[in-house]
Amino acid sequence: MFNKILIANRGEIALRVLRACKELGIRTVAVHSTADADAMHVRLADESVCIGPPKASESYLNIPQIVAACEITGAEAVHPGYGFLSENARFAEIVEAHGVKFIGPSAEHIRIMGDKIEAKRTAQRLGIPVVPGSDGAVETEADAVRMAEEIGYPVLIKASAGGGGRGMKVAKTPDDLLEAYNNARAESKAAFGDDAVYMEKLLITPRHIEVQVFGDGKGGAIHLGERDCSLQRRHQKVWEEANSPALNSEQREKIGAICAKAVADLGYAGAGTIEFLYENGEFYFIEMNTRLQVEHPITEAITRIDLVNEQIRVAAGVGLSVTQADIEFKGHAIECRINAENAATFAPSPGLITYYHPPGGLGVRVDSGVYQGYRIPPYYDSLIGKLIVHGRDRVECLMRLRRCLDEFVVDGIETTIPLFRKLIDNQDIANGMYDIHWLEHFLETKPFD
Ligand code: ADP
């Protein structure tokens, strides 16, 4: 096992990783920008290194500084968390070239999954169901016309280098096609420096369902069930549930087994998430994330398995602590992402937290790096914490979540907690009846007016 791990991240996820390290008896190194000198992950780490000014490009994304911090402190491994450098194949290569273990899959696997055309091809080869569409890039207008006829309208043009929903355009009819195609290429070129695009059938009312997988790097793999992340705003997840209200255990086992087998065949090492759109009983692969996800705690809640502990074990070569047969799904869990934003307008609201009282009690987990007297810097993502609630079934989970939302006090800044208080009162939410567009439609009804 490692003696010392450097955590190349900040906020709640840095703290999350630090906790797993402490429980394994591993010493921790925090890195931080000058804006984060007072952050909780810095205070709780055994050592800390300042790696640059507030701007992420000069600190949390600064590879030479992070490698230097490893060398200075003698860290044997780096955990990248999510975001920042977590899906940067080059970073994985560089740290390993310096004799430091990257806690995550191989650079090759990160690279394959980071290129959406390549990822989709790989998924298909491994027996994962994909969205009907072009086989590879659509290189000319003539090909686009032919492909769209073949797939059937409406179609979606997507950027191969895409992320965050950018470079995606819908064509509802042949009249929209060339404009959508050319706009997607131009947007992708501008955002990612790459104008390769591909085409897919547009699914109309899908849910977003993702499967948590774990590879041991030696040809073995398991799945830990799914998460339903359909409640999204601008392609950003807001509320996640495990299990999905839309699946039964037979469907769960079936898609889980397909994903575990694919990951095993790939020889994948560590945690991964295979994301699907789900419509009319069918799964359609959209992408694979080769890292820990924000919403991983709901999987931890229903499986009682510490995913970061497992990531560290796999990276250290100790192997997973569980087999597929050990994994049982118990109860229901929901996560609410709490952002420092106005709940009605989503305008960022950084600043000083003057009072802070998180909820507690049975089945309640709050992952957050904030505390009373902490000043949220304006430079980073607005996620300040996650409320994760577990119940024996979905009804108990919802009742507990309502109680927790009533208890939660964050003063001095605005948060998205009031939005969750609205959602918990909604009948569709109570029934688990929502697709990926539900939240946007709900917000159009101006729930705060
Ligand atoms: P990105 O990496 O840019 O986030 P994804 O491929 O993960 O791109 O897709 C982002 C979101 O776009 C999905 O969660 C879904 O809401 C929507 N989407 C993607 N592909 C399709 C499709 N074929 N039909 C309908 N919606 C889609």
Side-chain angles (χ1 to χ4, degrees), residues 82-83 86-88 110-124 128-135 137-138 144 147-148 150-172 176-177 180-181 183-185 187-211 226-241 244 246 272-280 282-291 293-295 337 381 434-443:
Y82 54 69
S86 62
E87 289 178 297
N88 185 317
I110 299 174
R111 204 162 268 136
I112 290 172
M113 295 303 166
D115 173 334
K116 302 191 126 204
I117 290 176
E118 190 62 29
K120 193 171 171 184
R121 256 199 209 124
T122 305
Q124 197 160 16
I128 296 174
V130 301
V131 190
S134 60
D135 177 29
V138 181
M147 250 348 286
E150 221 173 283
I151 298 169
Y153 288 90
V155 298
L156 187 64
I157 324 281
K158 298 172 77 170
S160 184
R166 275 187 300 178
M168 260 192 317
K169 298 284 170 214
V170 174
K172 290 198 173 121
D176 308 336
L177 181 70
Y181 173 74
N183 283 349
R185 285 189 82 141
E187 198 173 303
S188 175
K189 181 87 192 163
F192 311 109
D194 175 1
D195 68 356
V197 296
Y198 61 110
M199 193 184 292
E200 275 181 357
K201 177 143 196 75
L202 180 77
L203 302 172
I204 307 301
T205 56
R207 298 181 79 112
H208 173 116
I209 296 180
E210 59 186 34
V211 178
E226 84 286 4
R227 296 181 287 259
D228 194 316
C229 312
S230 302
L231 288 175
Q232 303 182 359
R233 177 180 171 267
R234 299 195 176 159
H235 301 303
Q236 300 289 319
K237 298 162 188 166
V238 170
W239 155 308
E240 301 100 347
E241 305 196 31
S244 168
T273 298
I274 304 185
E275 296 192 335
F276 294 95
L277 295 175
Y278 173 81
E279 193 173 67
N280 300 327
E282 301 289 337
F283 287 91
Y284 303 97
F285 171 87
I286 44 173
E287 67 173 339
M288 178 169 180
N289 292 320
T290 52
R291 56 169 166 81
Q293 306 264 109
V294 176
E295 59 275 20
R337 295 192 188 196
D381 191 274
Y434 52 78
D435 62 27
I436 59 168
H437 306 296
W438 188 93
L439 185 59
E440 299 270 6
H441 292 153
F442 176 75
L443 293 170

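This is a predicted model, so every value here is computed, not measured. Atoms within each ligand, like the ligands themselves, are counted from 1 in listed order.
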**Prompt:** With under 30° as parallel and over 60° as perpendicular, where do the rings of Phe276 and Phe283 fit, or are they tilted in between?
**Reply:** perpendicular
**Asked** Once the angle between the rings of His441 and His437 is folded into 0 to 90°, is it parallel (under 30°), tilted (30 to 60°) or perpendicular (over 60°)?
**Response** tilted
**Asked** Going by an N to O cut-off under 4.0 Å, is there a salt bridge joining Arg291 and Glu87?
**Response** yes
**Asked** Charged N to carboxylate O under 4.0 angstrom, Arg185 versus Asp195?
**Response** yes
Counting from 1, what ligand 1 atoms have a heavy atom of [X] closer than 4.0 Å?
{"X": "Ile436", "value": "15 (C), 16 (O)"}
{"X": "Leu156", "value": "19 (C), 20 (N), 21 (C), 22 (C), 23 (N), 27 (C)"}
{"X": "His235", "value": "11 (C), 12 (O), 16 (O), 17 (C)"}
{"X": "Glu200", "value": "20 (N), 22 (C), 23 (N)"}

List the closest protein heavy-atom neighbour of [atom]: residue, atom name, distance to the nearest 0.1 Å.
{"atom": "atom 3 (O) of ligand 1", "result": "Gly165 N, 2.5 Å"}
{"atom": "atom 18 (N) of ligand 1", "result": "Leu277 CD1, 3.9 Å"}
{"atom": "atom 13 (C) of ligand 1", "result": "Ile286 CD1, 3.9 Å"}
{"atom": "atom 2 (O) of ligand 1", "result": "Lys116 NZ, 2.9 Å"}
{"atom": "atom 24 (N) of ligand 1", "result": "Leu203 N, 2.9 Å"}
{"atom": "atom 7 (O) of ligand 1", "result": "Glu287 OE2, 3.0 Å"}

**Request:** Ignoring hydrogens and angles, tell me if any N or O in the side chain of Ser188 forms a donor-acceptor pair with the backbone of Asp194 under 3.5 Å.
**Result:** yes
**Prompt:** Looking at ligand 1, does any of its N/O atoms fall within less than 3.5 Å of an N/O of Leu202?
**Reply:** no
**Request:** Could you pull out, from Gln232, Lys120, His208, Met168, the option with a heavy atom nearest to atom 9 (O) of ligand 1?
**Result:** Met168
**Item:** Which segment of Lys158 sits under 4.0 Å of ligand 1 when only heavy atoms are counted
**Value:** side chain
**Complete:** Gln232 meets the side chain to side chain contact (heavy atoms under 4.5 Å, CB included) criterion, sequence neighbours left out, with His208, His235, Lys237
Let me check something: any side-chain donor-acceptor pairs from residues 157-172 under 3.5 Å, sequence neighbours excluded? List them with distances.
residue: Lys158; atom: NZ; partner: Glu200; partner atom: OE1; Å: 3.1
residue: Ser160; atom: OG; partner: Asp115; partner atom: OD1; Å: 2.8
residue: Ser160; atom: OG; partner: Ile117; partner atom: N; Å: 3.4
residue: Lys169; atom: NZ; partner: Glu187; partner atom: OE1; Å: 2.8

